[in-house]
Amino acid sequence: MRTYDFSPLYRSAVGFDRLANLLESASRTSSEGGYPPYNIETTGENAYRIEIAVAGFTTDELNIEVKENLLTVTGRKTANDDAAPQKTYLHRGLAERDFERRFQLADYVVVTDANLVNGLLSIALKRELPEALKPRRIEIGAGQPLIEGKAEAA
């Protein structure tokens, strides 16, 4: 595994500390295990979807939380061995273990919907820019004519 030193970025750039933190976080999480597998896709100009393979989990065993631009999806498998007779597996390929997946969201990206269908947890996201940040047309007025850099006396 290769590690990167982002301290020069902190020394030479002002206001980019969040970007450096995101890069550090991404380098740490890329080395973590790949369970459960997931897809991230764009479904429109400002719309996205995360699909996570959660076979064997029910909606009661899954939790989705957003806090300060961090989307956290957790799965906690309830112990159902007590209710059912003891099973003897010849091969156990389904993991059915607890997990936690974290996704850093850009500013103004919100979760709009979440569904669990056929073992896939689908989370819909949308970028919703506030009106103040949306482009707007500025009308150009005629103003007063200038003579040699001075306003004309009225």
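For the numbers below, each heavy atom of this structure counts, side chains included, while hydrogens, waters and symmetry mates do not.
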Notebook entry, point to check: Rounded to the nearest 0.5 Å, what separation is found between the CD atom of Glu61 and the CG atom of Asp98?
Noted result: 9.0 Å

Notebook entry, point to check: Can you list the steps and then say if Arg97 with Lys77 is a side-chain contact (heavy atoms from CB on, under 4.5 Å)?
Noted result: CA-CA 6 Å; Arg97 63 180 183 256; Lys77 201 67 180 147; over 6 Å; no

Margin query: A side-chain contact here means heavy atoms from C-beta on lying under 4.5 Å apart; do Val73 and Leu121 qualify?
Written below: yes

Next item on the list: Identify, with sequence neighbours excluded, every residue that meets salt bridge (Lys or Arg N to Asp or Glu O under 4.0 Å) alongside Arg136.
Entry: none

Item checked: Ile123 side chain reached by Ile64 side chain, heavy atoms, under 4.5 Å -> yes

Next item on the list: Find out whether Glu100 and Thr72 are in side-chain contact, i.e. whether some heavy atom of one side chain is under 4.5 Å from a heavy atom of the other.
Entry: yes

Check: Is Ile138 close to Ile140 at the side-chain level, that is, under 4.5 Å between some pair of heavy atoms?
Finding: no

Item checked: Contact check, side chains of Asn69 and Gln104, non-hydrogen atoms, under 4.5 Å -> yes

Next item on the list: State whether the side chain of Arg101 and the backbone N or O of Pro36 hold a donor-acceptor pair below 3.5 Å, judged by distance alone.
Entry: yes

Item checked: Pair listing, ring pair (Phe, Tyr, Trp, His ring centres under 6.0 Å) test, anchored in residues 39-71, at least two apart -> Phe57-Phe99

Notebook entry, point to check: Could you give all pairs that pass the ring pair (Phe, Tyr, Trp, His ring centres under 6.0 Å) test and reach residues 102-133, with sequence neighbours left out?
Noted result: Tyr38-Phe103

Check: Taking the side chain as C-beta and beyond, is there a heavy-atom pair between Leu70 and Leu105 under 4.5 Å?
Finding: no

Next item on the list: Could you walk me through whether Leu120 and Val54 pass side-chain contact (heavy atoms from CB on, under 4.5 Å), step by step?
Entry: CA-CA 6 Å; Leu120 280 179; Val54 292; over 6 Å; no

Notebook entry, point to check: Under 4.5 Å between any side-chain heavy atoms of Val110 and Thr112, yes or no?
Noted result: yes

Next item on the list: Please list all pairs passing the side chain to side chain donor-acceptor pair (under 3.5 Å) test where one or both residues lie in residues 115-125, with sequence neighbours left out.
Entry: Asp113-Asn115

Check: Can you name the residues that form a salt bridge (Lys or Arg N to Asp or Glu O under 4.0 Å) with Glu41, not counting sequence neighbours?
Finding: Arg49

Checklist line | Glu65: partners by side chain to side chain donor-acceptor pair (under 3.5 Å), with sequence neighbours left out | finding: none

